[in-house]
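Each remark here refers to the structure printed beneath this line.
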Amino acid sequence: MAVKKIKPSLTQAMGLLWGLVAACVLVLLGSLWQYHRQQKAVGAALEYLWILPAVGLLLLCAALLLMHRVMRERLQSELKDLTDHLPVVVYRYRLEEGNRSNLIYISEGIQRFTGKSAAEVVADPTLFFQRIAPEDCARFSDVDRTAWHAKEEFFCEFRFSMPDGALHWLYANSSPFVMPNGEIVYHGFIEDITERKQAHARLRQSESLLQQVFDTSSAGIFLVDKKGMIVLANQRMAEMFCCTVDELIGTPYVGLVDPTERSVSHQKMLALLASDIDAVDVERLYWRKDGNQFWGNLSGKRFHDTRGTDRGLLGVLLDITTRKQAEQEVSNLAFYDPLTGLPNRRLLRDRLQQGLAISARQNAYGALIFLDLDNFKTLNDTLGHDAGDQLLVAVAKRLLHCVREEDTVARLGGDEFIILLNNLDHVQSRAVHIAKDIAEKINRALNPAYEFDKNVVRITPSLGVALFFGHEIDADELLKRADLAMYQAKEAGRNTVRFFDPQMQEKINAHAQVEQDLYRALERREFSLFYQPQVDAYGRCIGVEALLRWQHPQQGLIPPGRFIPVAEATGQILEIGRQVFLQACRQQAAWQASTNTAQLEIAVNVSARQFHASAFVDQVQQCLQETGANPERILIELTESILLKDINEVIGKIRALQALGLQFSLDDFGTGYSSLAYLKRLPLAQLKIDQSFVRDILTDRNDRAICRSIIALGQSMGLRVLAEGVETQAHWQLLRSDGCEEAQGYWFAKPLPLAELERWLAQHAF
Ligand SMILES: Nc1nc2c(ncn2[C@@H]2O[C@@H]3COP(=O)(O)O[C@H]4[C@@H](O)[C@H](n5cnc6c(=O)[nH]c(N)nc65)O[C@@H]4COP(=O)(O)O[C@H]3[C@H]2O)c(=O)[nH]1
């Protein structure tokens, strides 16, 4: 806004005054000259000198009056200039008789509001009033009237139509003054408060928004002062802690934290409040008034008031219990065995790494125990999987009772458990001792019967222990060692503990070597069949047992006991067994051609894995067709382990093969687990008494009693009974006297290659 220059009227007034004085002096001197020319004495003229001070005085008064007037005008002009350029409009009115107002003055700013000059508005104040918004008119008048009547200050906010048509908010304020003459004059101002109003409205809106957020937020919002006391909290916060907002306010924040974390949390909170850290984000357990816990995520931000003073911490608390539970579940699924709740293989691997690190750091031996339940599979198949699961859970519980909290009990899967023992001792011999004691304790703990539902079950474990010291060996190797030791325990008769032994490792290496060699043997056809004669009660050869031999290029002839278990474990037995059966069929077909040999039966061993293979029946059928062998002269020898699987499936398969004409013999009878109930249902032709019973029949009364029982059992069920491993005449005579009608053994002949067998047959013509 341009500031107008004030005119220098005081200087002009002084110039005028001096002009007047000079004029008076000239007039006086002129009069004196006239007297002198008219030869009047100067002395007489001097009598009129008193006029001089009088004229001077008059002139001074006139000058002072002029000065006062000039000064007042100048002041008024300056004041007007000031009021005209104020952002507010100032006005003055007088209250007249009958409380009527009379506008005396209004500053030029009124033009902004009305579009009319101040003089026009003074002349006609309605130019102003008519612009007041109709909805505010009545209120304006009421307030105005009340103020006049009471002779009090008037103030009012009202809407006003501006010259451009926009509606603005104006604020008018005036205060009464009693003039010396008793009249009442109001001085006031009018201010355009539209922007302020809008700002207030915006502020109110955002405040209301904030309040709504505060009240309806699903997060707990609170303010903690610098001493850690809650000074503000919203409803949700109160709900979270099962109390009222009032109960929260004035209490220490730390009282909301779970008691187990309280002291740590308190220290942290105070340290935080004293620090210049601006924000925090923590997840921790909180504690409700009803005693329940919940997981909360606290996002805290340092709170400064409008003056910038640090007032504490503004916290936003979210209940994250559901998320935590979900995380826990995911973690459980990833790291824990869902059945027993024990750590799984993945977590075990992690713990193992930690165990090795602890051992290295503390220079102490630790131990890993590999535990496998003996015959769990049989039990699971017999009792059902639910019972099997219950048993595993019960075993897990007993295991946990046997070890310290810092030890790990994990389940690898199936019936395999691992126990990791850390920090046993610095001295190896003592560590071995401790590990042994714990392993035996576990063994004892698992032995007592388990009772669930209607079942009472007994199960024993085989435990393999491997010691470790620092990072001498890695986790994989350690597991392998404990596993090997466990197998050693199985080999030693189960229900026992074995420590890892390097010789065992050699066995495993040998196992791996045999596996490799077997692949080559299959390719190069290094297998052949030997035949061991079988005789009847009169010593006549009624058949042969086909026994597999492996002609190893370096090791020579290898008996089946050395490679059949490997072939079974690797599945190579399927192909080997097929080749054996095919060869046996070919031989039978060849013998059919001669009347001397046409009646000979060939007994063929079939392993459990081979028998259970889905293609087995088709394979047998194919071999028979391919060779033209007489199925009635082929006897399949099954071992009792075959019966451990679903017995109905086994019976079904035997029946299907029987339908082709084949016969069945149960090998090694008495050594396995078959129950008599199953035996009754099996469509067998023959029972073979295992040679372990036959061997000591002459000296061991029990063995003889067993042999007698098997013979009697076979007879009662209409089965042929063949005694294996008959090595002497005395054996055979005794068996004969007990009613055994068939035999096989070195007394008659050893397993022979084909050519030798044929020579033997020729010598023992029947
Ligand atoms: N001490 C002694 N032993 C005698 C006597 N008479 C026979 N033996 C041996 O006893 C075993 C009898 O065979 P197995 O019980 O079926 O036991 C067999 C059989 O279970 C398995 N086997 C042999 N050939 C095959 C085959 O082709 N397939 C399958 N799956 N297993 C086979 O290998 C086992 C061992 O076979 P081998 O070593 O040939 O051992 C044979 C035989 O040589 C005797 O008077 N005294």
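Atoms within a ligand are numbered from 1 in the order they appear, just like the ligands themselves. From a predicted model like this one, the values you see are computed outputs, not experimental measurements.
Annotation: ligand 1 has protein neighbours Gln532, Glu545, Leu547, Leu548, Arg549, Pro560, Ile564, Val580, Asn605, Ser607, Glu637, Asp667, Asp668, Gln691, Glu724, Gly725, Val726, Glu727, Gly745, Tyr746, Pro751, each with a heavy atom less than 4.0 angstrom from the ligand.
Asp374 and Asn495 are not linked by any side-chain donor-acceptor pair at a separation below 3.5 angstrom, with hydrogens and angles left out of the test. Between the side chains of Glu601 and Gln534, no donor-acceptor pair is found at a separation under 3.5 Å.
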Pairs of donor and acceptor atoms involving the side chains of residues 380-390, under 3.5 Å and at least two apart or interchain, shall be tabulated with distances.
from	atom 1	to	atom 2	distance (Å)
Asp381	OD2	Lys377	NZ	3.2
Thr382	OG1	Thr378	O	2.4
Gln390	NE2	Asp453	OD2	3.0

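In this structure, Lys653 satisfies the cation-pi test against Phe611, with its NZ or CZ atom closer than 6.0 Å to the six-membered ring centre and inside 45 degrees of the ring normal. Stacking of Lys490 on the aromatic ring of Tyr487 is not recorded, the 6.0 Å distance cut-off and the 45° axial limit not both being met.
A salt bridge links Asp476 with Arg349: the closest approach of a Lys/Arg side-chain nitrogen to an acidic carboxylate oxygen falls below 4.0 angstrom.
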